[in-house]
Number of protein chains: 2
Amino acid sequence: MRVGQLAAATGVDVETIRYYEREGLVPAPPRNASGYRAYDEAAVRRLTFIRHCRSLDVRLADVRQLLSLLDCPDRGCGTADAVVDAQIVRVRERIASLHALEATLVALRSRCASPTTSASCRILEELARPA
Amino acid sequence: MRVGQLAAATGVDVETIRYYEREGLVPAPPRNASGYRAYDEAAVRRLTFIRHCRSLDVRLADVRQLLSLLDCPDRGCGTADAVVDAQIVRVRERIASLHALEATLVALRSRCASPTTSASCRILEELARPA
DNA sequence: CTCAAACCCTGTAGGGGCTACGGAGTCAAG
DNA sequence: CTTGACTCCGTAGCCCCTACAGGGTTTGAG
């Protein structure tokens, strides 16, 4: 299959596939007579794996580690556990900080219920103070 | 005051201040005899404003809009309201999607309670499936 | 058979918001 | 007089794509 079909099969953009190839996340496939990339089912599986990871916001550096686990089935999977654990921690931290941010923004917004001139806007006034 | 003192006064990194100047968020200050930037209190106020916005994760493009409101005190402050409202929406969306992500990750993690070999790791198995 | 649309190729530049050099000049304290 | 902290400028890197530009190829409709 060609790159466009691989893209359709996996939901990964064509340009992104070529980017992953440049980055070494997917191996460079053989080419047909016209120089087009020719992929097999293994490529579909590998790219699906990457896409799934990315949908979980796992960084490419971590995806790389997980892929190397896949490539060496004998190694222990402690790395996979660690990657997922670290990801959970990151996500929870981001949720917490976004909650705080939301509260701050709502408080800020409530300072200017009705539009006025910018000179007297309490939002701008507040933003002019240190955080 | 020089750029280092401005940085200390506002908590904005020196390199970042120069970056903001290149981007036109802060005006280019006058220079002393040696070519060093010489800032005044207005620069402190402007940079403090920007820093406060950034601490609220407001994008520089939006910060730019808010700054232009500050520069024209006669204009209505509907723009400021809109920026904050949009920011609240963005933050809430991110929180929601992070919550979903967290749940997915926790479910994934629970599939591999005890480390095994990567060939039989249920986390890797799951990641190999489409999202 | 012809022609246009849709695909594919490579390489490079841009985005956001900094951050980190390298290689130089300046200034105050010891 | 020297050391160290500061400043200057310009450029490259970070992450993960995304979007060209300027070509060649395949496919299907007329």
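Quick note on labels: first sequence line is chain A, next is B, and so on, each numbered from 1. Heavy atoms only: backbone and side chains are in, while hydrogens, waters and symmetry mates are out.
To the nearest 0.5 Å, atom CD of residue A:E23 and atom CD1 of residue A:I50 are 11.0 Å apart.
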Give the B/S/- string for nucleotides 12-22 of chain D, one per nucleotide from 5' to 3', where a protein heavy atom under 4.0 Å of the base yields B, of only the sugar-phosphate yields S, and otherwise -.
----BBBBB--
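Legend: salt bridge (charged side-chain N to carboxylate O under 4.0 Å, His left out) pairs involving residues 112-121 of chain B, not counting sequence neighbours: none detected. Pairs of residues two or more places apart, or lying in two chains, that qualify as side chain to side chain donor-acceptor pair (under 3.5 Å) and include a residue from residues 86-103 of chain A are A:D57-A:R94, A:D62-A:R90, A:Q87-A:R90, A:R92-B:E102, A:E102-B:R92. For residues 2-20 of chain A, the salt bridge (charged side-chain N to carboxylate O under 4.0 Å, His left out) pairs, not counting sequence neighbours, are A:E15-A:R18.
By the side-chain hydrogen bond (donor to acceptor under 3.5 Å, both in side chains) test, A:D71 pairs with A:R46, sequence neighbours left out. Evaluation of the side-chain hydrogen bond (donor to acceptor under 3.5 Å, both in side chains) rule for A:T116 yields A:S120 as partners, not counting sequence neighbours. Every residue meeting the side-chain contact (heavy atoms from CB on, under 4.5 Å) condition with A:S55, not counting sequence neighbours, appears here in chain and number order: A:H52, B:A131. Partners of A:R37 under the side-chain hydrogen bond (donor to acceptor under 3.5 Å, both in side chains) rule, at least two apart in sequence or in another chain, are A:E21. For A:R31, the side-chain hydrogen bond (donor to acceptor under 3.5 Å, both in side chains) criterion is met by no residue, not counting sequence neighbours.
Applying a 4.0 Å cut-off to non-hydrogen atoms, the residues of residues 24-39 of chain A that approach DNA chain D are A:S34, A:Y36, listed by residue number. Within residues 79-103 of chain A, no residue has any heavy atom under 4.0 Å from DNA chain D.
Using a 4.5 Å heavy-atom threshold, the side chains of A:Y39 and A:L47 count as separate. Taking 4.5 Å as the limit, every side-chain heavy atom of B:I123 sits out of range of all side-chain heavy atoms of A:C77.
Put simply, chain A comes within 4.0 Å of DNA chain C, heavy atom to any atom, from C:dC7 to C:dG11, going 5' to 3'.
B:Y36 and B:V44 sit in two unconnected hydrophobic clusters of ILVMFWY residues. Membership requires side-chain heavy atoms under 4.5 Å apart, directly or through other members.
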